[in-house]
Amino acid sequence: MKIQRTLYHLYLLVWSLLIPGCSDFVETDLPPSQLTGEAVFTDRATATAALANIYSGLRSQTLITGGSRGIGNLLGHYADELDHYGDGIGTIYNFNIHSVLATEPELATLWNNSYNLIYACNSILEGLEDNTALSEMDREQLQGEAIFLRGFIHFYLSQLFGDIPYVSQTDYRENAQIGKLGSSEIYELLVSDVERAIDLLPEAYVGPDRVRVNRYAAMAFLARVSLYFGDWERALALSDEVLDGTNLYTWEEDLGQVFLKGSKGALWQLKSVSSEGNTLEAQTYIFESGPPINQGALTRSFMEGFAPGDQRAIYWTRSITNGATVWHHPYKYKANLPTGSSVEHSVVLRLGELYLIRAEARMQLGDLDGAIADLNKVRGRAGLSDLEGLDRMGVETALLQERRYELFTEFGHRWFDLKRFQKAGEVLGPLKPNWQEYHLLFPIPQSELLANPNLNPQNDGY
C-alpha cells in the first residue's frame, strides 16, 4: 500500500507541474530527474505544486470552473437566469429544459472530476501526516488548504446530489465500496473539516492576489455552509467575525471594482490560466452578436426584475442587438481576451455574499432591523434607496431579490436559493415545461451506481 501511495504522489506531482497555470502558482527548481515520491513532501515548493493542482482543477475542470460546464453556467440554465440559444441538443440544452438523466455524460464527468480532486486532497493530507521535513508553519498551511478544499468540494456535491459519500482517505479498496451519508452526517463532517482548516490557516494570505485561502476565507465559507444547513447561530457568528473582526477587507463602493483582480472585497479568487489571461467566465458569457448561438443570454424575466435605478443592470450586464432584438449577457467579468497581464480573477468568496449571509441569519433569528441594515449595505452600492419598517415576509422578499441580483451566475446561488426557500416549483414550474419536484436533486450518474452498488438507491424520480 505504501508503494502504491508513493507512486500516486509522484503522479500527482508531475500532473500538477504540467497543468497550465500551475507554473504561475508556484515555481520549483527541482529537476525532473529528482521527482520522486519522497521529494514531494520534503520540499516546500513541490508540496505546494501538488496543492496547486487542486486549485487548477477547480478553476478549469469541474464544479466552480467558469467554463460552460461549470455550475455557474449549468445552474444558471437550470434555474431562471439564462436562456439557451442553440440547436436543441447537448448538455446545456438538457439542463435548460430539465431533461437531465442519470446517463448524462456531464454528470459523470462532474462527479468523477470532483472525487479525483478530493482524492488529491486526501493524498496531500496523508503525505503531510507526521511530516518533519517541512516547517510547522508550512505543514499547517498546506494541511489547512487541503482539508478546506476537501470540505468545499463535498459541500457542492451534497447540494447537487443529496446523500453522497464523504471520502477522507485514499484506500481505493475502501473507496470503491463506500456508501452514502445523509444530510446531518455530511454537515457534521463539513463543520469538522472546515473548523480544522480555520485552526490551521493563518490570517494573512500566502502570496499575492488572494488565490489561496486564508483563515477568514474558511470562516466565510463555513458561514455559507451553516446557512445552507439551517444553522443560523453559527452562520451569524462566523459572518460577524469576518465582517467586524478584521480590517483585511474593504467594501468596494464602485461596482466596477468588485470583480477586478485587486478588489479588496474579495476573500478568495481563482487565478487565471496564464499571467496574460483572465477569467473563463468572461469567455463563457460574453458574446458580440445575436442570437448567441450555443451560448446563454440572461432571461427576459431576469432583466425585467431589476428594480428601477439598480446600477447592477448597467455595470454587470451588457446588451447586444441585431437591430430588431436585444439580448443581454452577464458582464461582471469584462476581459474575455488576453490583456498583457491579468486584470480579473474568478471571485469565489466576497463581502457582498457575506453581508447577505448575515442578513439571512439575522432574519431567521428575529433581528429584522439588523437584517435590513445588511441589505441596505448591498442596496446602497447598487444605487437603491434604503429599506425600512419591513415585517418578516418583507425582509425575506427583499433578501431573495438582493441575492438574485447581487449573485447572479455565480456558482449556482440562484438555484440553491430557490431550493432552500422552497420556491423552485413556484418559480420554475411556469417556465420549465418538464419541471418536476424531484429535480431538486440531480441523479447519481448511472455509471457510478453500476460500479458501486452501495451508492444505491438512485435519487427519487430517476
Step by step, would you call Arg318 with Glu288 a salt bridge (charged side-chain N to carboxylate O under 4.0 Å, His left out)? CA-CA 10 Å; Arg318 176 171 173 248; Glu288 302 295 341; 2.8 Å; yes

Side chains of [X] and [Y]: does their closest heavy-atom pair fall under 4.5 Å?
| X | Y | answer |
| --- | --- | --- |
| Arg215 | Ile198 | yes |
| Asp163 | Leu181 | no |
| Leu449 | Gln446 | yes |
| Val206 | Thr48 | no |
| Leu125 | Arg150 | yes |
| Trp111 | Ile444 | yes |
| Ser239 | Tyr355 | no |
| Val225 | Tyr228 | no |

Work out which heavy atom in [X] is nearest to a heavy atom in [Y]; give both atom names and the distance.
| X | Y | answer |
| --- | --- | --- |
| Met303 | Thr317 | CE-OG1, 3.7 Å |
| Ser158 | Phe229 | OG-CZ, 4.3 Å |
| Ala382 | Asp310 | CB-OD1, 3.5 Å |
| Pro443 | Asn459 | CA-ND2, 4.2 Å |
| Asp231 | Tyr187 | OD2-OH, 2.8 Å |
| Ile118 | Val167 | CG2-O, 3.6 Å |

More than 12 heavy atoms from other groups under 6.0 Å of CZ on Phe155: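 Enclosed: over 12 neighbouring heavy atoms sit under 6.0 Å from CZ of Phe155.
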
Do side-chain atoms of [X] reach the backbone of [Y] as a donor and acceptor pair under 3.5 angstrom?
| X | Y | answer |
| --- | --- | --- |
| Asp80 | Leu428 | no |
| Lys419 | Leu440 | yes |
| Asn116 | Asn112 | yes |
| Thr65 | Arg59 | yes |
| Gln269 | Lys261 | yes |
| Tyr462 | Leu441 | yes |
| Asp138 | Ser135 | no |
| Tyr115 | Pro165 | yes |
| Asn73 | Ser68 | yes |
| Thr299 | Leu82 | no |

Measure the acute angle between the ring planes of [X] and [Y], then classify it against the limits of 30° and 60° as parallel, tilted or perpendicular.
| X | Y | result |
| --- | --- | --- |
| Phe161 | Phe442 | perpendicular |
| His329 | Phe287 | perpendicular |
| Phe148 | Phe221 | perpendicular |
| His84 | Tyr93 | tilted |

Say you draw a straight line from [atom1] of [X] to [atom2] of [Y]; how long is it, rounded to the nearest 0.5 Å?
| X | Y | atom1 | atom2 | result |
| --- | --- | --- | --- | --- |
| Leu238 | Leu227 | CG | CG | 11.0 Å |
| Ser56 | Leu51 | OG | CG | 9.5 Å |
| Glu281 | Phe411 | CD | CZ | 5.5 Å |
| Glu410 | Arg350 | CD | CZ | 4.0 Å |
| Tyr78 | His439 | OH | NE2 | 5.0 Å |
| Cys121 | Ile54 | SG | CD1 | 3.5 Å |

Give a yes-or-no answer on whether the side chains of [X] and [Y] include a donor-acceptor pair shorter than 3.5 Å.
| X | Y | value |
| --- | --- | --- |
| Thr246 | Glu203 | no |
| Ser272 | Glu344 | no |
| Glu145 | Tyr55 | yes |

Which residues pass the ring-ring contact (aromatic ring centres under 6.0 Å, His included) test with Phe302, not counting sequence neighbours? Phe306, Tyr405, Phe408

Could you please spell out the steps behind the side chain to side chain contact (heavy atoms under 4.5 Å, CB included) verdict for Leu236 and Glu233? CA-CA 5 Å; Leu236 177 59; Glu233 290 86 356; 5.8 Å; no

Can a salt bridge be assigned to the pair [X] and [Y] using a cut-off of 4.0 Å between side-chain N and carboxylate O?
| X | Y | result |
| --- | --- | --- |
| Arg224 | Glu353 | yes |
| Glu185 | Lys180 | no |
| Asp417 | Arg404 | no |
| Arg381 | Glu406 | yes |

Which side-chain N or O atoms in residues 250-258 pair as donor and acceptor under 3.5 Å with protein atoms at least two apart or in another chain?
{"from": "Glu252", "atom 1": "OE2", "to": "Lys264", "atom 2": "N", "distance (Å)": "2.9"}
{"from": "Asp254", "atom 1": "OD1", "to": "Gly256", "atom 2": "N", "distance (Å)": "2.8"}

Would Ile153 and Leu58 satisfy side chain to side chain contact (heavy atoms under 4.5 Å, CB included), going step by step from the backbone distance to the final call? CA-CA 9 Å; Ile153 299 167; Leu58 283 173; 4.0 Å; yes

Can you check side chain to side chain contact (heavy atoms under 4.5 Å, CB included) on Trp415 and Arg420, steps first, answer last? CA-CA 9 Å; Trp415 166 244; Arg420 288 190 301 115; over 6 Å; no

Member of Tyr216, Phe152, Tyr205 meeting the ring-ring contact (aromatic ring centres under 6.0 Å, His included) criterion with Trp268: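 With Trp268 as partner, ring-ring contact (aromatic ring centres under 6.0 Å, His included) holds for just one option, Phe152.
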
Contacts of Thr62 that satisfy side-chain contact (heavy atoms from CB on, under 4.5 Å) - sequence neighbours left out: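 Only Leu110, Asn113, Ser114, Leu117 meet the side-chain contact (heavy atoms from CB on, under 4.5 Å) criterion with Thr62.
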
Show, in sequence, the C-alpha distance, side-chain angles and deciding distance for His345 and Leu270, and conclude whether the side chain to side chain contact (heavy atoms under 4.5 Å, CB included) test is met. CA-CA 6 Å; His345 290 333; Leu270 295 176; over 6 Å; no

